[in-house]
Engineer: 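Let me give you the structure first, and then I'll get to my questions.
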Amino acid sequence: MTTETNHLYWVNVFVTGAWLGATQVALVFALVLGGGASALLFFAFVAVWIAGAALGVTIAPIGLRVVLLSMALATAIGARTLLWFFPFSTPVMMSGFVAAAMVGAYAGLFLRDRSQDCGQVRRVLFHENNGFVVGYVLAGVMLMVSTTAVDLTAGILGVAVAINVAFGPTLKRLHN
Amino acid sequence: MLTQYVAVREIGSTFFSTELVLLATVVISLIGPSIAYAISHRISLRWLIAWGIGSVLVHLSMPVGLRLLVGALTARGFESWAIAVTLALGSVFLCGFYAIFLPQRTVTAASLPRLYAGELIGALLALMVLFVSPSWQITLAVYWLSAALVLHIAFRKLVITVTMTAAAIAMTMFYPTLDKAAAESYFADYYSLDEPTIVETTYSPYQRIDVVDEHSAAGTQRSLFLDGVPFYRSGDLDAFNVFLAQVPGSLMPKNSNVLVIGSGSFSSAAHLVRLGHSVTVVELDGEVARMGFQHFPDVHRLTADDFAMVIGDGRRFIAGTPKEHFDLVVLDVPAPYHVQTALLHTPEFYRLVKSRLKPRGVVALSLSDSIEGSVGQAIAASAASVFEQIMVVETDSAGLGHLYASASFPFSSRQVARRARSIDETATVHKDERVREIVVDIKPLTARNLGVVLVMARDALPNWNEHDD
């Protein structure tokens, strides 16, 4: 049985996409800052994110979405912090890739979860992609103004996503 | 993935490459899927075929046609229209068509994992192609043939498949000739170069690199362009390297240990080698080093044994060197048009450099601007926040300021002024107190505040209302 959708449902999908876009910008910047501007680093980051998404959309258990999201948030924040304070350290650089894999995996799991939940694959892809574009642009422009603002934006969006995932079903039951 | 990569590279190297252009290019490739997702359930087969053919035609023509179009429109004062056309056509025809298949083929939500994973694996394969491809021509060949393959799988119409495949093969074969002609037209139109000829073009993992000869009545002038942005031009930009490297280098003790970050035409390194110093050059992009060394022999007059060459990230390299190692560090790096180059103008980086300088070591850098300009002041403020002593040299010949900084200069500002004025009598040296007075209220460019990148990008935007009547 699929879940009925309303505007708030799609706002949640959009916000998740925005968090993913902003987080990607924040993580790439963190890697450039803490690991250097090597093209290999960037290609590896993209590959790890995509591989994470492939695993997330296929085999990650939907029941563990809260755990996976928590790991994605924690590793993203951790990587950003470590790369700032311990630049050019190979183990620390790996934290950036771990974060990319976790966030990518959550992205894949999210798409599968929401699509199965509401049964509307096209709309999920549409709203998530729109959110990703907005999050990416917002973070990309803010990067040129204040990198702290990028981190805060990604963080706030991440918290919004986490609250929705953790408490959304409960709030919905209470509302109904 | 291939489409997005080629689009970002081609658009980024056609318009004046700034962080905003890069961002816009990524956005162009991301908007397409949203368009596809919005209409995938409504589009008829006839329109889908038309969209597919249109997309492949755009893909076939983009690497050459975009440069021709932008150059032609810019020459007529319509660069802003070129941006608008690229945004519009790119959004619809670059990635959009390919994105339509996922929602169309996903009959039920249960089939999404397999189909989406397939798409992602395709993207990973594309990344591998990009990584192993020996040349841009091969990358484009795979890109174009993949497009024809997608059309075949989607429509299975022999006429379309054969036509598009033949077009892809033809474009691959004629690409070098077409690209050379398009690039020469572009440099003539966009930069008003006189009878430009392409000496060599290559695509490194970082940028498109062009070595261009300009033929005028005064003779032949050779230039190095990185992603369409002039990085070195013999003549005017040679003065840049004189004040960046030769002037400070000439005031250092003989046989100083010198690091040059950024190779370019090797002009900076050459000045320092000829002064008798021990020079190490670090360059991120191996192709820039190769082409700079190979195509500017009259500029640098060096042999490979005259200096040590390191290919790698400059910040990473410096972090790996011993403390108090260098007498002079010369930052021959691009202006902060992008975030990654802006990081080479921050206090965080300057602190790292300072820690690797000997007690009376000096760093020489470009302000990318005059000391009176906002960019120049932000960079000067960054240096002022780290180094105990700074001075700025400005000359008409270089056209922008050069800053020297140290914990304790081994030379005086008077010596610098004398040396600078022997080269260019318009040279003005701003001493430490004067520079600090200028930048006292200026926010430095830092790793947390990269606003200068936005200023550079904004200043590089064409005036929307400017066109010839």
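Residue numbers start from 1 in every chain, and the chains themselves are labelled A, B, ... in the order their sequence lines are given, proteins ahead of strands. What's counted below: heavy atoms across the whole structure, side chains too, no hydrogens, waters or symmetry copies.
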Engineer: Identify which part of A:V150 has an atom lying under 4.5 Å from any heavy atom of chain B, answering side chain, backbone, both or neither.
Structural biologist: neither
Engineer: Between A:F43, A:F29, A:W84, which shows the greatest number of heavy-atom pairs under 4.5 Å with chain B?
Structural biologist: A:W84
Engineer: For the pair A:R65 (side chain) and A:Y106 (backbone), establish whether a donor and an acceptor sit closer than 3.5 Å, ignoring hydrogens and angles.
Structural biologist: no
Engineer: Less than 4.5 Å apart, any side-chain heavy atom of A:F132 and any of A:Q24?
Structural biologist: yes
Engineer: Checking side-chain polar atoms at under 3.5 Å, does B:Q104 have a donor or acceptor matched by the opposite partner on B:Y37?
Structural biologist: no
Engineer: For B:L30, is it the side chain, the backbone, both or neither that has a heavy atom under 4.5 Å from a heavy atom of chain A?
Structural biologist: both
Engineer: Please classify the contact of A:V145 with chain B as side chain, backbone, both or neither, using a heavy-atom distance under 4.5 Å.
Structural biologist: both
Engineer: Could you have a look at B:N449, B:L124, B:T106 and say which one has the most heavy-atom pairs with chain A under 4.5 angstrom?
Structural biologist: B:L124
Engineer: Let's test your reading of the structure: which of B:A457, B:G118, B:A38 forms the most heavy-atom pairs below 4.5 Å with chain A?
Structural biologist: B:A38
Engineer: Taking the cut-offs as 6.0 angstrom to the six-membered ring centre and 45 degrees off its axis, would you call B:R42 and B:W47 a cation-pi pair?
Structural biologist: no
Engineer: Side chain, backbone, both or neither: which part of B:L22 has a heavy atom under 4.5 Å from chain A?
Structural biologist: neither
Engineer: Which bit of B:M128 comes within less than 4.5 Å of chain A, counting heavy atoms only: side chain, backbone, both or neither?
Structural biologist: neither
Engineer: Could you tell me whether B:F16 and B:Y337 have their ring centroids closer than 6.0 angstrom?
Structural biologist: yes
Engineer: Is a side-chain donor-acceptor pair under 3.5 Å present for B:H338 with B:S17?
Structural biologist: yes
Engineer: Rounded to the nearest 0.5 Å, what separates atom OG in A:S95 from atom CD1 in A:I77?
Structural biologist: 12.5 Å
Engineer: Pick one of side chain, backbone, both or neither for B:A319, based on which atoms fall under 4.5 Å of a heavy atom in chain A.
Structural biologist: side chain
Engineer: Could you check whether any side-chain heavy atom of B:T3 comes within less than 4.5 Å of a side-chain heavy atom of B:F97, counting everything from C-beta outward?
Structural biologist: no
Engineer: Which one wins on heavy-atom pair count under 4.5 Å against chain A: B:V27, B:I121, B:V26, B:I31?
Structural biologist: B:V26
Engineer: Residues in side chain to side chain donor-acceptor pair (under 3.5 Å) with B:T18, at least two apart?
Structural biologist: none
Engineer: Tell me, out of A:S38, A:A54, A:G56, who's got the most heavy-atom pairs with chain B below 4.5 Å.
Structural biologist: A:S38
Engineer: Give the member of A:P87, A:G108, A:G35 that has the highest number of heavy-atom pairs under 4.5 Å with chain B.
Structural biologist: A:G35
Engineer: Just give me the residue among B:S34, B:G451, B:P205 that pairs up with chain A most often, heavy atom to heavy atom, under 4.5 Å.
Structural biologist: B:S34
Engineer: Tell me, for A:L55 versus chain B, whether the close heavy atoms (under 4.5 Å) come from the side chain, the backbone, both or neither.
Structural biologist: neither
Engineer: Is there a donor in the side chain of B:Y206 and an acceptor in the side chain of B:D227, or the other way round, less than 3.5 Å apart?
Structural biologist: no
Engineer: Which atoms of B:F317 are under 4.5 Å from chain A, going by heavy atoms: the side chain, the backbone, both sets, or neither?
Structural biologist: neither
Engineer: Identify which of A:A51, A:A37, A:A47, A:G21 forms the greatest number of heavy-atom pairs closer than 4.5 Å to chain B.
Structural biologist: A:A37
